[in-house]
Enquirer: 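Below are the structure tokens for one structure; questions will follow.
Because the structure is predicted, anything quoted here is derived from the model rather than measured. Atoms within a ligand are numbered from 1 in the order they appear, just like the ligands themselves.
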Amino acid sequence: MTRTVEHWIEGRYTAGTGGRRAPVWNPATGAVQAEVALAGPQDVALAVAAAAKAYDSWREVSLSRRTAVMFAYRDLLHRRMDALAEVISDEHGKVLADARGEVQRGLEVVEFACGIPHLLKGGYSDQVSGGIDSFSFRQPLGVVAGITPFNFPAMVPLWMHPIAIACGNAFLLKPSERDPSAANLLAELYAEAGLPGGVFNVVHGDRVAVDAILDHPDVAAVSFVGSTPVARYVHERASAAGKRVQALGGAKNHAVVLPDADLDHAADQLVAAGYGSAGQRCMAISAVVAVGGAGDELVERLRVRAERIRLGPGRAPEAEMGPVVTREARDRIVGYVERGVAAGATAVVDGRHAVVAGHDEGFFVGPCLLDRVTPEMAVYTDEIFGPVLVVLRAETLDEAIELVNANPYGNGTAIFTSDGAAARRFQRAVTVGMIGVNVPIPVPMAYYSFGGWKASLFGDTHVHGPEGVAFYTRAKVVTSRWPHPARPADHQIHLNFPTAV
Ligand code: NAD
């Protein structure tokens, strides 16, 4: 019998009401390994009601008790890291070491949330006027929701819920329906850590569930991470419903390689950033801009390294790169490479027909390296989200910066150089949110915030870190006086607008 991945509402599993289901594929074998329940508006309403009820008491729980839950959660994540990595690898396809890496980066957000008492400290000003003090503090929003993509089924939700919950909110997660099981394991660990039922809920589903969340009047805020068209849609619809919203979108991350760079180092880094997780990372490098004479030597180094990558199922210890997530994703990626070659790009490494012995039906695409790509080609303009690295040429650093800035996306970018002044010019000039200097995946640590510019982010705040705390709370400022019988100013009537005395 096929296993069903159910919703997690108020601390227990439920199959939901509508009866709709979607297949969960094993990308390495191409077989269906489970079904996931798809929530309808009624299921979302039940989850929101459970969260709203839990919020009433969770918001009153002391900071030290909330912190204790986060510390326990952190320990459980540590202990269950391998189990989580296996679930991720089986449904997403990424290799186990990579899956462990994503859990580790998510766990660091939990560690950040363990410091919530410090992060929620307000300010206090004594004697802002005669006998008057002012102070500020922040309060949770209520029920907040996270809608997340397939490519980091544990880490991206972990960017959101530990901070939201530590701030005193109740959370509703709608993970990707393509790899839904990690969310349930994360929910079980919260229960084990002592989080009261209803503070963290999971509803699985597709657009129907998303719309129900966006329209629900009791959802105060929505954090979204996914592709740009959906991010734009979520931002517009949730904003129209009066919610606070942050919606992170897609990417086309450029790496600019100057001729003075250590080309071996650059090639090592770019191959890892381009083909790790089969290119299905929002911070994957997908476009290399070789400046001046760097092109030919760099492409040769990339070719040698890309050809050595070992393709295989995520659980195989020797595999470095797994399959892509679905058959449609594979066909889309292969189609892009075909169009690129037809448009005049050179396929230096061509993984379109890659096969993995014993996994003929798996969704595998080998590394693809396309040289002589020009800015109007679809392989450059579109986010392919697969193991395809394209190489463009630019004469100067300024020309490369222009290319980066003309691109509608602005998630991440990197420069490889041994010239500090050039790196500084680059980091100041690019219209991109996260920048690497000789670092290809410049993902900030949990105590900084993560986010792009332009079509990579709709809304004002980045996720996790200090901006995450700001997003999941709102501020109050209190101005207080305790009148004293002997202080005349406390007993006078002034109709003029109050000014400090
Ligand atoms: P996606 O946009 O297809 O799906 C994201 C979420 O939205 C899922 O939960 C999905 O169920 C839901 N969804 C899908 N279509 C919808 C629709 N029409 N209406 C309402 N909801 C819908 O993204 P994906 O394929 O799961 O993930 C890959 C994308 O996510 C890439 O574009 C990648 O760059 C992006 N991403 C961005 C970041 C970032 O930090 N900016 C991080 C990770 C992934």
Enquirer: Counting each atom of ligand 1 from 1 as listed, which ones have a heavy atom of Trp159 under 4.0 Å away?
Expert: 40 (O)
Enquirer: What is the closest protein heavy atom to atom 7 (O) of ligand 1, and at what distance does it sit?
Expert: Phe224 CE1, 3.4 Å
Enquirer: Counting from 1, what ligand 1 atoms have a heavy atom of Glu177 closer than 4.0 Å?
Expert: 10 (C), 11 (O)
Enquirer: Testing the 3.5 Å rule here: is there a donor-acceptor pair between the side chains of Ser223 and Tyr472?
Expert: yes
Enquirer: Using side chain to side chain contact (heavy atoms under 4.5 Å, CB included), reason through Val463 and Gln246 one step at a time and then give a plain yes or no.
Expert: CA-CA 8 Å; Val463 284; Gln246 52 179 188; 3.4 Å; yes
Enquirer: Check each atom of ligand 1 against the heavy atoms of Gly250 and keep those under 4.0 Å away; list them by number with element.
Expert: 32 (O), 34 (O)
Enquirer: Report yes if the side chains of Ile435 and Pro442 come closer than 4.5 Å at any heavy-atom pair, otherwise no.
Expert: no
Enquirer: Distance under 4.0 Å to a non-hydrogen atom of Glu383: what atoms of ligand 1 satisfy this?
Expert: 31 (C), 32 (O), 33 (C), 34 (O)
Enquirer: Consider every N or O of Phe150 and every N or O of ligand 1, then say whether any pair is closer than 3.5 Å.
Expert: yes
Enquirer: What protein heavy atom lies closest to atom 14 (C) of ligand 1? Include the residue and the distance to one decimal.
Expert: Val230 CG2, 4.2 Å
Enquirer: Indicate whether any N or O donor in one side chain lies under 3.5 Å from an N or O acceptor in the other, for Asn169 and Tyr55.
Expert: no
Enquirer: Which heavy atom of the protein is the closest neighbour of atom 27 (O) of ligand 1, given with residue, atom name and distance?
Expert: Pro149 CB, 3.2 Å
Enquirer: What residue and atom, counting heavy atoms only, is the protein's closest point to atom 28 (C) of ligand 1, and at what distance?
Expert: Phe385 CE2, 3.5 Å
Enquirer: Establish, yes or no, whether the cationic atom of Arg207 lies under 6.0 Å from the six-membered ring centre of Tyr233 and within 45° of the ring axis.
Expert: yes
Enquirer: Is atom 4 (O) of ligand 1 less than 4.0 angstrom from some protein heavy atom?
Expert: no
Enquirer: Does ligand 1 have an atom that lies less than 4.0 angstrom from a heavy atom of Met283?
Expert: no
Enquirer: Give a yes/no verdict on a cation-pi contact between Arg327 and Trp25, requiring under 6.0 Å between NZ or CZ and the six-membered ring centre and an angle within 45° of the axis.
Expert: yes
Enquirer: I'd like the name of whichever of Gly452, Ala284, Gly226 reaches closest to atom 35 (C) of ligand 1 through any heavy atom.
Expert: Gly226
Enquirer: What residue and atom, counting heavy atoms only, is the protein's closest point to atom 19 (N) of ligand 1, and at what distance?
Expert: Arg207 CG, 3.4 Å
Enquirer: Do Thr148 and ligand 1 have an N or O pair less than 3.5 Å apart?
Expert: yes
Enquirer: What atoms of ligand 1 come closer than 4.0 angstrom to any heavy atom of Asn151?
Expert: 43 (C), 44 (C)
Enquirer: Quick check: do Val379 and Ile384 have side-chain heavy atoms less than 4.5 Å from each other?
Expert: yes
Enquirer: Taking atom types as modelled, find out whether Asn253 and Thr413 have a side-chain donor-acceptor pair closer than 3.5 angstrom.
Expert: no
Enquirer: Using a strict cut-off of 4.0 Å, indicate which atoms of ligand 1 neighbour a heavy atom of Lys174.
Expert: 8 (C), 9 (O), 10 (C), 11 (O)
Enquirer: Within the 3.5 Å criterion, strictly below it, is a donor on Tyr447 or His464 matched to an acceptor on the partner's side chain?
Expert: no
Enquirer: Regarding Glu6 and Thr4, is there a side-chain donor-to-acceptor distance under 3.5 Å anywhere?
Expert: no
Enquirer: N/O to N/O below 3.5 Å, does that happen between Gly249 and ligand 1?
Expert: yes
Enquirer: List ligand 1 atoms under 4.0 Å from Ser227, heavy atoms only on the residue side.
Expert: 1 (P), 2 (O), 23 (O), 29 (C), 30 (O), 32 (O)
Enquirer: Quiz question: by atom type and distance under 3.5 Å, do the side chains of Glu188 and Tyr13 form a donor-acceptor pair?
Expert: yes
Enquirer: Just need the protein heavy atom nearest to atom 40 (O) of ligand 1, so name the residue and atom and give the distance.
Expert: Phe450 CE2, 3.0 Å
Enquirer: Run His462 and Tyr448 through side chain to side chain donor-acceptor pair (under 3.5 Å) and show every step you take.
Expert: CA-CA 9 Å; His462 290 185; Tyr448 285 83; over 6 Å; no
Enquirer: To the nearest 0.1 Å, how far is atom 21 (N) of ligand 1 from its closest protein heavy atom, and which atom is that?
Expert: Val210 CG2, 3.4 Å
Enquirer: Within a distance under 4.0 Å of any heavy atom of Cys282, pick out the atoms of ligand 1 and give their elements.
Expert: 34 (O), 36 (N), 37 (C), 38 (C), 39 (C), 40 (O), 42 (C), 43 (C), 44 (C)
Enquirer: Would you confirm whether the ring centroid of His254 sits within less than 6.0 angstrom of the ring centroid of Tyr380?
Expert: yes
